[in-house]
Amino acid sequence: IGLLVKTWGQVTAIHEPPTITEPEWFMITDGSRENVKVSLVGLASGNVIVPPPMMSHVSVTGISSVDPMTGGRMLKPRNQDDIAFIAIGP
């Protein structure tokens, strides 16, 4: 927890609550059992990250963390440059 790490996988979910204008998180999977949640909240002031499209393959660099709701793996990217496309989904 707290290390700067990089992972990659396919975007499998994007959480966009109806009362908030920006998505809160998206999920990626590398095909293993546990997905990685990529948090888009709690960024530095003025920083907004646009999530990649569903089914895209991306690499994500961010601070490793634990999802407080599930105890699963979570990454907190620092800015939009921390998310790179490997392949764009259909």
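As the structure is a prediction and not an experimental result, all values here were calculated from the model.
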Verify side chain to side chain contact (heavy atoms under 4.5 Å, CB included) between Arg78 and Asn47, making sure each step is shown before the conclusion. CA-CA 8 Å; Arg78 300 161 295 176; Asn47 227 353; 5.7 Å; no

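Of the residues Val38, Leu40, Val11, the one that meets the side-chain contact (heavy atoms from CB on, under 4.5 Å) test with Pro51 is Leu40.
The main-chain N or O of Gly2 is found under 3.5 Å from a side-chain atom of Ser64 such that the two form a donor-acceptor pair.
Between Gly72 and Glu34, the shortest heavy-atom contact is CA-OE2, 3.4 Å. Contact detail for Trp8 and Ile28: the closest heavy-atom pair is C-CD1, 4.1 Å. Across Ile14 and Pro53, no two heavy atoms sit closer than the pair CD1-C, 4.5 Å. Contact detail for Pro77 and Ile49: the closest heavy-atom pair is CG-CD1, 3.7 Å. The shortest heavy-atom contact between Lys37 and Asp67 is NZ-OD2, 2.7 Å. What you find for Val66 and Met74 is that their closest heavy atoms are O-CE, 3.7 Å.
Put simply, Val36 and Met69 are part of two different groups of oily side chains (I, L, V, M, F, W, Y) that touch within less than 4.5 Å, one to the next. Both Leu43 and Ile83 belong to a single network of hydrophobic side chains, linked directly or stepwise wherever heavy atoms of I, L, V, M, F, W or Y lie under 4.5 Å apart.
The shortest distance between side-chain heavy atoms of Ile63 and Leu4 falls below 4.5 Å. No side-chain heavy atom of Leu75 sits less than 4.5 Å from a side-chain heavy atom of Lys6. In this structure the side chain of Val41 never reaches within 4.5 angstrom of the side chain of Trp25, judged on heavy atoms.
Between the CD1 atom in Ile86 and the CD atom in Gln10 there is a gap of 10.5 Å [rounded to 0.5 Å]. In this structure, the separation between OG1 on Thr29 and NE2 on His57 is 9.5 Å, given to the nearest 0.5 Å.
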